[in-house]
Amino acid sequence: MQEEEPPYPKRAGSDNPKPKPSRLSEIVKSIDTSEDVTIGALVDSLGERAFGALMFIFAVPNIIPTPPGTSAILGLPLIILTWQLMIGRQSLWLPEAIRKRRISREVLGSFVSKMTPIMSKIERVLKPRFGLVVSSDLAERMIGLVTFALSLVLFLPIPLNNMLPAAAISCIALGLAERDGVAVVVGYLLGAASVAVLALISSALYIGVMAFFRALFGM
């Protein structure tokens, strides 16, 4: 007989217990991919089903091959979302200009078809544990701080630099949604790796630009 799932811990600072949302794979699978959708409509359809679900949906398309400009479309709402998590907001707010941005059905369809089988497999190993890393108000604010910084890195127009921070945010989002501290810690490690890669790329670009000007002007 299948074991009963443990109740979803209430969000820090909330007076009423917060019911455990559907698994992320179920939430993603329920997205309507038959037509283009606005970011506002997507957020409204998710309702109160956790910041983690929204973070995952905005971040993970940057890991898989998608049409150019996807990170620009999804990056800004991700920055706003993680900022609100960092300051301790309990509900998500987006400016109307961002809510009206449209995500094509091709992007949605590619995302849903490619990610739901992978997510279903990942969710088999996710479970509430190491609550100190994920369940307290301080822990959630730390998650918001780290993912906000990674969202800024993701938004930078540096070729091939979006996959690692997107993977880190996605991993942290899974941990937040499922209250799995191990997944959050893995996301932190991926985030540190993405910052290190960015530092190396920035250093190489600086050295290259300086070498170009030295050669150009005979310095």
Side-chain angles (χ1 to χ4, degrees), residues 8-21 23-24 27-28 39-40 42-44 46-63 71-95 97-99 101 119 122 126 128-156 161-198:
Y8 190 87
K10 70 177 182 178
R11 185 174 172 82
S14 175
D15 295 330
N16 300 316
K18 186 172 183 178
K20 186 180 188 301
R23 304 304 293 261
L24 279 180
I27 294 174
V28 171
I39 288 177
L42 178 60
V43 170
D44 292 342
L46 293 171
E48 297 299 321
R49 286 182 285 186
F51 271 64
L54 295 169
M55 288 167 57
F56 185 86
I57 289 171
F58 286 139
V60 79
N62 295 283
I63 302 175
S71 60
I73 294 174
L74 302 179
L76 188 54
L78 186 59
I79 290 173
I80 295 173
L81 167 61
T82 53
W83 167 262
Q84 291 177 68
L85 182 62
M86 181 176 66
I87 64 175
R89 280 187 61 94
Q90 300 298 304
S91 58
L92 175 63
W93 171 86
L94 289 175
I98 293 180
R99 288 180 58 86
R101 288 190 177 186
M119 291 167 62
I122 293 174
L126 294 175
R129 52 187 167 178
F130 293 98
L132 183 64
V133 180
V134 70
S135 296
S136 69
D137 180 67
L138 178 60
E140 290 187 349
R141 288 173 182 262
M142 177 61 67
I143 288 173
L145 174 62
V146 172
T147 52
F148 175 72
L150 291 172
S151 299
L152 293 176
V153 174
L154 177 63
F155 195 68
L156 293 174
N161 191 54
N162 56 352
M163 294 182 67
L164 256 182
I169 295 171
S170 299
C171 193
I172 294 171
L174 286 170
L176 178 62
E178 301 294 336
R179 296 305 189 199
D180 191 334
V182 172
V184 172
V185 171
V186 172
Y188 286 164
L189 294 176
L190 287 174
S194 67
V195 172
V197 170
L198 175 63

List the atom of [X], the atom of [Y], and the distance in Å for their closest heavy-atom pair.
X      : Y      : result
Ala168 : Gly191 : CB-N, 3.5 Å
Ser194 : Leu150 : OG-CD2, 3.4 Å
Leu126 : Ala183 : CD2-CB, 3.9 Å

[X] side chain near [Y] side chain, heavy-atom distance below 4.5 Å:
X      : Y      : result
Leu76  : Arg101 : yes
Met142 : Leu145 : yes
Leu176 : Leu85  : yes

If you measure from [atom1] on [X] to [atom2] on [Y], what distance do you get to the nearest 0.5 Å?
X      : Y      : atom1 : atom2 : result
Met55  : Cys171 : CE    : SG    : 10.5 Å
Ile79  : Phe58  : CD1   : CZ    : 12.0 Å
Arg89  : Glu140 : CZ    : CD    : 14.0 Å
Leu164 : Ile169 : CG    : CD1   : 11.0 Å
Phe148 : Ile143 : CZ    : CD1   : 16.0 Å

Query raised in the report: Is there a donor-acceptor contact under 3.5 Å from the side chain of Arg141 to the main chain of Ile87?
Result: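 Pair found, side chain donor or acceptor close to backbone of Ile87.
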
Report task. Can you spot which of Leu81, Leu78, Ile39 makes a side-chain contact (heavy atoms from CB on, under 4.5 Å) with Leu54? Result -> Leu81

**Report entry** Among Val186, Val146, Val134, Leu190, side-chain contact (heavy atoms from CB on, under 4.5 Å) partner for Ile172
**Finding:** Val146

